[in-house]
Amino acid sequence: MTPPLALTALPQEQVATTPNPGGNALLDLVNKIGPPEWIPDWIVALHAVGAGVGILIGIVSLIAMYSVWMERKVSGHMQCRLGPMYAGGWHGWAQTIADGVKLLMKEDMIPTGADRVLFIIAPGIVLASIFGALVAFPISYDFYFARMDLGIFMILALGSTTTIGVIMAGWASNSKWSLYGAMREAAQVIAYEIPLGLALMAPLITLGTFSLLDASALQSDWFGMKWAIFTNPANLPAFVIFWIAALAETKRAPFDLPEAESELVAGFLTEYSGIRWSFFFMEEYAAMFLMSVIAAMFWFGGFESPATWALRSAGVEGGIFFGAVCFVTLVIKAFAGVFLMMWLRWTLPRVRIDQVMTMGYKYLTPLALLCVLIAAVSEAVKSLLF
Amino acid sequence: MVEQTQEYKPSIQPSEEGRVLPSGEREFFFDVSTSDLEVNMGPQHPATHGVMRVLLRTDGELVTGAQPHLGYLHRGAEKIGENVEWLQYLPYTDRYDYLAAMNNNLGYSLAVEALMPGLEIPRRATLIRTICAELNRIASHLIAFGTYGLDIGAFTPFFYAFREREWIQALFEKICGARLTYSYIRIGGVFNEAPPGWLKEVEHFCDVFEEKWKEYYDLLALNHIFVMRTKDIGVITPEMAYDFGLTGPMLRGSGIDFDLRRDMPYMDYTEIWEAGAYQIPLGSGEKGTLGDCWDRFDVRVKEMIESIKIVRYCLGVIEPGPVLGDVPKVIKVPPGEAYVGIENPRGELGHYSHSDGGKVAVRCRVRGPSFVNLAVLEDLMPGTLLADSVAIIGSTDIVVGETDR
Amino acid sequence: MNQDVLLQRGFYTIVALAGLGAMGAGLSSWGPAGLAFALFAFLTLAGALVCIWERSVVRSAFALMATFTGVAGFFALLGADFLAMAQILIYVGGILALILFGVMLTPPDMGERKLTRIGWATAIIGGGFAFVAVRVGGKVGSWAASPDELPAMETKARDIGIAFLHPEQYVVAFELAAYLLTVALVAAVYIARRRTGDFQLQEGQMEERA
Amino acid sequence: MVSTKEYFQNVWDALKTTAIGMRITGKYLMQKPITVQYPDERLPIPDRYRGIHYLEQEKCINCLACARACPIDCIEMDAIRHGKELEWVAFTLDYQKCMFCELCVYPCPKDCIHMGTEFALVTYDRSELNHDLLSFQGMGRGARIRMREAQAKKAAKEKAKAAAAAKKADTEKDADEPEAAGAGTGGDE
């Protein structure tokens with residue numbers, strides 16, 4: 001019996017293979033340096049993991065810091081203001097650092113009647129899950145924390161656990177507004193995970209891989225512009241659906257219902273202050289970045305751009321310089337996504353909770369299914385034609 | 001955690017008898033009752049536009065009852081009016097509807113002038129009064145527009161609205177020296193002649209504002225999310241509007257064509273109306289039901305452009321002349337009583353003044369439109385969602401300073 | 001300090017110490033894989049214990065998160081990373097959120113509960129039985145892998161996809177499961193349908209609440 | 001229920017109006033902001049600005065017209081009159097109360113109290129908000145000399161008067177001693 005059409009569409013060889021097919025780049029690096037024989041392997045492994053966690057924390061803090069700064073500048077200029085201008089000198093670049101220091105100094109307040117344990121661990125869960133999801137974030141073709149065949153699946157899975165932290169925060173605060181925020185978050189995230197995953201299916205069908213690195217490598221033709229969004233008619237609408245669902249998943253306006261400041265004061269954040277509060281914000285901005293990375297990887301070519309194509313055709317592949325170009329390309333694409341999220345936030349009003357549900361279940365889910373269908377059909381047609 | 005308003009009953013219980021649906025079908029499903037939650041919206045809440053408190057009873061996201069509580073900003077304004085001289089009360093009128101202080105000044109001045117039949121107001125003063133009152137109506141509606149955007153969750157229109165409002169305030173600052181509490185329109189005319197070039201600047205403002213106004217409409221009023229959030233929400237039927245004695249955009253949003261500027265004319269509004277300079281925008285039910293939040297919002301936004309037309313008319317006919325009638329330094333008002341209602345941005349602002357011929361009023365009474373319009377909340381809120389209740393409070397455009405006085 | 005609080009603290013202390021001990025034992029005997037195994041075992045068991053011990057329903061529900069995560073960890077250790085991620089995505093991200101959503105709507109006095117003696121007895125007997133079953137099964141059957149021979153994580157999503165869709169493999173089971181889930185979904189929607197079709201409370205209900 | 005046409009109309013409307021909104025915000029993103037950096041740049045303050053008062057003390061005649069016109073009685077003034085000259089004791093304005101209504105400016109017969117353009121009223125202590133509007137305690141140098149002369153003249157006159165009175169009192173001392181003693185203690189108070 002012959003396998004069905006969909007399976008023949010993508011021959012096994014088409015999945016690009018990058019030089020390092022599996023494992024942890026850091027561990028390889030450590031092994032290359034060659035630690036003394038007498039140190040047990042597992043200590044070396046733990047150190048590699050520790051270094052990875054350190055780099056991740058650095059990345060998350062940097063992303064959060066500069067996304068916050070960018071948000072303030074973008075919103076400021078959209079509203080005919082300037083945004084922060086003093087701290088640090090040039091356009092207030094150190095404003096977020098100053099704010100962070102202030103938040104660290106703030107009194108650690110836990111409301112009376114709050115569930116202390118849950119109140120304390122909730123920001124931790126939120127931050128831990130976003131760290132976990134960021135493990136799948138590749139820095140370049142040769143440097144990554146974990147090369148996984150299931151990278152996108154892992155990001156979605158671990159990213160969805162932030163919900164539990166938010167619900168926990170809302171419930172533990174012992175405030176009615178927080179409880180409302182938590183319930184909205186629960187309802188909203190459950191509703192939007194479906195269209196998010198379904199919309200992602202369209203480029204996954206186009207590219208035929210779950211791995212972020214492979215997805216990027218597959219889009220390297222056409223002078224580095226064979227981006228999935230150009231290669232399948234379903235991918236553009238799928239991107240729009242994905243983007244709307246991503247806004248809802250990251251609690252960004254117009255879907256910022258869990259913290260709707262005009263309705264619920266600050267939702268689940270009402271009782272939080274100081275460094276715990278900033279954890280939620282780091283999560284929010286890291287999640288925005290992560291969603292943008294997914295979009296960049298699966299729709300907009302990942303590391304690939306004419307620059308990487310030129311380098312590759314000049315024979316420069318691998319090595320620090322190529323890696324840096326890859327990384328910069330990805331970060332530019334990701335921050336373009338973050339900027340789009342900000343632009344939408346400062347343009348649109350907030351959606352009501354029943355409309356959020358209607359939109360998720362009645363509009364996005366069926367349309368995303370339609371996109372999956374179109375993507376599959378057009379892939380099959382393509383494989384028949386070419 | 002959850003405050004209970006009634007004794008706990010098992011959450012799931014069968015309905016005593018199924019409801020009969022319009023289709024004739026009888027409904028038999030378990031009535032899942034969650035416990036009600038009583039929430040204080042305010043006095044410190046971002047949606048209440050000041051220190052107003054609404055006690056909400058909610059079932060999940062559904063509001064089942066609402067009770068506005070007043071008095072957090074009560075300063076005894078009316079009693080003060082009975083203790084200070086006629087002119088000295090003028091700065092206090094600034095402070096009840098602090099977003100439309102010119103209109104308050106105007107209302108009070110007209111009420112006192114009604115008791116002084118010998119006093120003649122120069123034409124130039126009347127026209128400057130009209131310009132100021134209409135500019136202040138625009139400034140006030142800009143706040144209503146911006147903060148309504150904030151309530152619905154859009155930040156940026158607020159800043160655009162404030163940009164133009166600041167311009168109006170700068171104009172007022174030039175003519176009277178204050179940005180919020182103007183005390184400019186006084187008994188007998190206005191305090192100062194407009195500085196040279198001021199009227200030109202107003203004209204320039206009118207030109208720019210007309211362009212910006214289109215942007216407001218596109219950015220917020222026609223936005224699909226905004227329309228979905230505000231249509232069919234907080235519907236005030238025309239009957240309801242009559243019954244509650246609503247005035248201003250709240251009334252016109254329900255489609256009732258009533259505007260004090262035309263129907264109980266004061267100053268020279270009759271002349272402007274007869275010249276065809278302005279229309280009275282009415283709620284049309286264009287996006288949803290007649291009298292919903294969108295209609296009220298729409299009326300406010302459209303009134304801004306009508307005010308611009310009035311200002312333009314006044315700029316066309318204004319001529320040099322005195323700006324203050326013949327009033328003594330210490331005003332003594334002949335005995336009598338008078339009530340004058342004017343069209344404030346929020347509705348009918350009535351001033352009742354009663355004089356016994358002395359330097360001080362015997363009775364000073366103010367009918368604040370916000371206070372009257374607030375009463376309708378209790379009927380509008382039940383059955384809406386929590387987010388809708390915010391939209392409804394926003395669409396009433398309350399100024400708490402005026403509600404409590 | 002009352003007895004309840006003392007009891008609770010004692011319980012958590014014992015659980016934490018047991019967890020530390022288990023991790024130490026795992027590390028010393030099997031190295032990093034053993035440490036990971038012990039960690040996930042601790043998460044699973046401690047989560048389950050807290051879930052039945054805690055008197056607040058919401059805390060119980062949150063404790064389930066640890067259990068689900070621990071189970072996902074086992075899957076990952078066994079090389080089934082797809083299953084591990086699915087476990088987290090579906091159980092932690094979806095089902096637990098749903099449980100919490102329901103639990104948070106319960107009134108507080110219903111939320112507090114205490115494990116009765118019968119409950120304890122059932123838990124102990126059931127747990128013991130399961131333990132014995134696993135030990136015996138491990139001895140008798142061939143499916144008990146020791147952690148030092150864990151398979152490498154090399155599952156290809158592609159292989160899973162092919163397995164599901166290939167006519168010679170699991171396509172029938174896959175399709176059947178899909179139909180079953182679709183039917184269940186439609187049925188759930190039908191049952192949960194609000195027949196009045198609008199959000200307005202009925203008048204009688206309003207008065208009753210007022 | 002929405003019809004199929006309405007369904008796709010909704011999708012289209014949502015996307016279209018979002019695009020329109022984004023065009024407007026995007027346009028302003030590219031434009032120059034309208035705000036100014038406050039402590040460094042300041043907007044021009046119009047001449048009529050109603051800020052903290054200033055007093056042209058030479059002109060003021062201590063007629064209390066402004067204090068009387070004030071709706072909240074926040075102006076307090078006191079001066080000792082020496083013929084035409086005034087020795088100022090106090091002219092304070094309590095900015096905790098003042099509403100900057102300008103009503104004190106109009107009744108002034110000498111046009112000597114004005115609203116200034118200074119608006120910053122930040123202090124560490126509320127009592128500092130009770131501003132003293134006097135720029136100098138008294139008068140100019142010439143006036144001071146004239147006043148001192150007048151004072152000396154007056155003092156001499158009074159001295160002479162007192163001496164005369166003392167002489168007179170001495171003669172009547174026996175007659176009403178208790179009364180004089182009572183008046184003396186009253187004066188000390």
Side-chain angles (χ1 to χ4, degrees), chain A residues 1-4 6-7 10 12 15 21-23 40-43 45-46 49 115 117-118 121-122 125 129 132 146 148-168 170-172 179 182-183 185-187 189-190 193-194 197 204 208-211 354 361, chain C residues 12 27 30-36 50 54 56 58-59 61-66 68-69 72 76 80-105 152-162 164-169 171 189 199:
Chain A
M1 207 187 264
T2 52
L7 295 184
L10 267 177
Q12 188 80 29
V15 178
D41 277 354
W42 62 270
I43 289 187
L46 275 187
V49 170
D115 191 328
V117 179
L118 296 185
I121 63 176
I125 286 179
S129 55
M148 310 182 85
D149 194 35
L150 292 166
I152 180 63
F153 203 47
M154 169 157 170
I155 292 178
L156 287 186
L158 287 175
S160 72
T161 51
T162 54
T163 318
I164 305 297
V166 170
I167 297 172
M168 197 184 273
W171 190 81
L179 190 67
M183 294 205 294
E185 165 82 6
V189 167
I190 291 169
E193 240 155 48
I194 304 160
L204 289 180
T209 178
F210 271 1
S211 157
D354 64 319
Y361 286 121
Chain C
Y12 281 120
L27 188 62
W30 299 313
L35 178 67
V50 172
E54 258 302 334
S56 141
V58 179
R59 277 191 174 198
F62 281 123
L64 275 180
M65 185 186 178
F68 290 148
T69 317
D81 47 357
F82 185 84
L83 216 49
M85 291 309 145
Q87 166 84 10
I88 289 182
L89 183 69
I90 294 164
Y91 279 91
V92 181
I95 290 182
L96 185 54
L98 266 181
I99 292 174
L100 284 168
F101 192 73
V103 156
M104 276 195 300
L105 292 172
M153 275 206 271
E154 275 177 2
T155 329
K156 285 268 182 198
R158 196 180 176 78
D159 300 340
I160 298 172
I162 289 173
F164 274 142
L165 291 182
H166 204 284
E168 286 168 12
Q169 293 186 39
V171 70
V189 168
F199 250 113

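Residue numbers start from 1 in every chain, and the chains themselves are labelled A, B, ... in the order their sequence lines are given, proteins ahead of strands. Values below: all heavy atoms of this structure, side chains included; hydrogens, waters and symmetry mates excluded.
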C/Y91 OH: over 12 foreign heavy atoms closer than 6.0 Å: no
Chain C heavy atoms under 4.5 Å from A/I190: which part of the residue, side chain, backbone, both or neither? side chain
Does any backbone or side-chain atom of C/A86 lie under 4.5 Å from a heavy atom of chain A? Answer side chain, backbone, both or neither. both
Minimal heavy-atom distance between C/A97 and A/A186, with the atoms involved, is O-CB, 4.3 Å
Residue A/A172 versus chain C: region with a heavy atom under 4.5 Å: neither
Between A/A157 and C/L89 the two heavy atoms that sit nearest each other are CA-CD1, 3.6 Å
Contacting region of A/I121 [heavy-atom separation from chain C under 4.5 Å]: neither
Compare every heavy atom of A/L118 with every heavy atom of C/F62, then report the nearest pair and how far apart it is. CD1-CD1, 3.6 Å
Which distance, rounded to the nearest 0.5 Å, do you find between the OG1 of A/T161 and the CG of C/L96? 10.0 Å
How many angstroms lie between atom CG of C/L64 and atom CD1 of A/I164, to the nearest 0.5 angstrom? 10.0 Å
How close do C/F82 and A/F153 get, heavy atom to heavy atom, and via which atoms? O-CE2, 3.6 Å
